[in-house]
Trainee: 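Quick one: the structure is below, questions incoming.
Lettering follows sequence order; numbering is per chain, from 1. All heavy atoms count here, side chains included; hydrogens, waters and symmetry mates do not.
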Amino acid sequence: MTTCSILELLDIDLKEQNKLQLSCIAGRLGLSNKITSSKISRPGLPLSGYFEAFAGEAVQVFGHGEQSYVTMLEEKGDYKNIEKLFSYNVPCCIFTHSFMPSNKIIEIAENSGTPILQTTLISSDFSRHLYQLLDEIFAPTKTIHGVLVEVYGIGVLITGDSGVGKSETALELIERGHRLISDDTVKLRNLGSTYLIGSGENPVLAHHMEIRGIGIINLANIFGVGAIREKKQIQLMVHLEEWDSTKSYDRVGEDTMSETLLGIAVAKLIIPVKPGRNIPIIIETAARNERLKQLGYFSAKEFDQNVLKWFESEAARKMYYINEENT
Amino acid sequence: MVSKELVVCNRAGIHARPAAMIVKVANKFKSDLFMIKEDMKINGKSIMGVITLGAGYKSKILISCEGEDEKDMADAIEKLFENRFEE
């Protein structure tokens, strides 16, 4: 299972709007503490003496409420619950609003080897950013063999055996203005059991591609920065396979196939490959079709309904003509 | 299925050229080759995959071959590692 140390939490480089703005003010000995839970605890109840069901393994966030309660306890000189909280080996305590705890609390933290961090953010913003970050860190991951491209805004994962033409298909798609996320190895992450996010396994190697006969090429250099993307939600899986004449392929497209990856179902298409079949165009069409489906238009079903309607009206008309003839 | 644990013995690790050798050898066989390092499992028949492993000097790699000629394939790959990819 993945873990994250407090030091990594301090060091993590997030985009501007997600910055945690943390600094360590005490308990540096505990910076190697590991966070093992994606939970965040607000220790109001433990501070008041109720330690049942206390999430001691989680990061403790002291917001305005906790801070004023701690100040009140300190005025009374009652350190019992604070000491007890620090004895739980909590990974770290974080004070929001740049709150500066008293020297006594810093001493307790130093003695128990618990880092005390401070952030300039307000509790709600900080919790939201931290939840998002912990969700990403503890997300279940899996590495699979395939190519991930973004086609008309749809994340399309192309899978298939080695040599079936995944990379060549992706290359043609990029040439047509779409974007590559990763070639060959795609790292999947399950975010909150809702989103399946794909990215390159290694940022150094992503955006490179191996094309048989040419070798390894850097797509960002060849096609420009507009041809690449860091990560993308996977919304469609396209499995390429050699045309098998004994197998029957979907001709209407009314039933949707799906494959479950890391517990998330993704729509799946099986596309047979044969010389002369233009796979990139088929994938483009599939992506457009998928967008339509997401907007509520289901081409195949609508087509079928129209056919049925036509039959009905035709039958009605026939009935009418039959009656005409009889009279 | 044949599995073997191999150690990277050449100083430079599995960079582009050794990766190409592994893939070249692997593609001579019909079986599937998977290479596993820590929690990463990649297809041994693709160069980018093998490089992505980031297998440096002394790193341990578990290979697993699956298919009709799995035994020969595993031996051939093991030989490559033993020869330090001719480096």
Side-chain angles (χ1 to χ4, degrees), chain A residues 1-3 137-149 157-171 180-190 198-220 228 240 242 261-262, chain B residues 1-3 8 12-57 59-70 72-74 76-77 80 85 87:
Chain A
M1 191 188 155
T2 42
T3 54
I137 292 170
F138 292 100
T141 61
K142 189 182 175 188
T143 305
I144 60 157
H145 184 59
V147 184
L148 181 57
V149 278
L157 179 68
I158 306 171
T159 58
D161 290 337
S162 256
V164 81
K166 295 185 296 294
S167 295
E168 284 81 354
T169 304
L171 195 62
L180 178 90
I181 292 97
S182 178
D183 177 45
D184 218 87
T185 42
V186 181
K187 188 176 178 182
L188 306 175
R189 274 180 310 163
N190 167 342
S199 61
E201 178 70 59
N202 184 334
V204 180
L205 303 170
H207 311 139
H208 285 74
M209 196 180 246
E210 186 235 338
I211 299 289
R212 283 177 187 75
I214 303 178
I216 294 171
I217 54 172
N218 183 338
L219 286 158
I228 57 168
L240 302 183
E242 302 272 340
L261 291 166
L262 287 172
Chain B
M1 195 182 81
V2 181
S3 299
V8 181
I14 301 183
H15 56 102
R17 209 186 54 84
M21 290 174 79
I22 293 173
V23 172
K24 210 167 143 189
V25 169
N27 273 312
K28 284 184 191 155
F29 299 93
K30 278 185 182 157
S31 307
D32 286 326
L33 169 68
F34 292 102
M35 299 175 75
I36 301 147
K37 187 186 156 226
E38 285 146 27
D39 57 349
M40 215 190 292
K41 181 181 178 183
I42 57 94
N43 185 331
K45 288 192 174 178
S46 99
I47 290 197
M48 290 306 287
V50 176
I51 298 174
T52 307
L53 274 182
Y57 181 51
S59 53
K60 282 180 192 150
I61 289 170
L62 187 74
I63 60 160
S64 77
C65 307
E66 240 179 297
E68 44 191 285
D69 46 8
E70 52 190 30
D72 298 336
M73 187 190 217
I77 300 289
L80 267 183
F85 308 103
E87 276 181 6

Trainee: Can a donor-acceptor pair be found, under 3.5 Å and without considering hydrogens, that links the side chain of D184(A) to the backbone of G49(B)?
Mentor: yes
Trainee: Starting at CD1 of I47(B), measure out to CD of E210(A) and round the result to the nearest 0.5 Å.
Mentor: 4.0 Å
Trainee: With a 4.5 angstrom heavy-atom cut-off, which part of I216(A) approaches chain B: side chain, backbone, both or neither?
Mentor: side chain
Trainee: Rounded at 0.5 Å granularity, tell me how far CG in L53(B) sits from OG1 in T143(A).
Mentor: 9.5 Å
Trainee: Determine, stepwise, if the pair M48(B) / M209(A) fulfils side-chain contact (heavy atoms from CB on, under 4.5 Å).
Mentor: CA-CA 7 Å; M48(B) 290 306 287; M209(A) 196 180 246; 5.9 Å; no
Trainee: How long is the gap from OG1 on T185(A) to NZ on K41(B), to the nearest 0.5 Å?
Mentor: 14.5 Å
Trainee: Can you tell me if CG on N202(A) sees more than 12 non-hydrogen neighbours from other groups inside 6.0 Å?
Mentor: yes
Trainee: Please report the interatomic distance OG1(T52(B)) to CG(D183(A)), rounded to the nearest 0.5 Å.
Mentor: 9.0 Å
Trainee: Tell me, side chain or backbone of H145(A) under 4.5 Å from chain B's heavy atoms, or both, or neither?
Mentor: side chain
Trainee: Could you tell me which residues satisfy side-chain hydrogen bond (donor to acceptor under 3.5 Å, both in side chains) with T169(A), sequence neighbours excluded, listed by chain and number?
Mentor: none
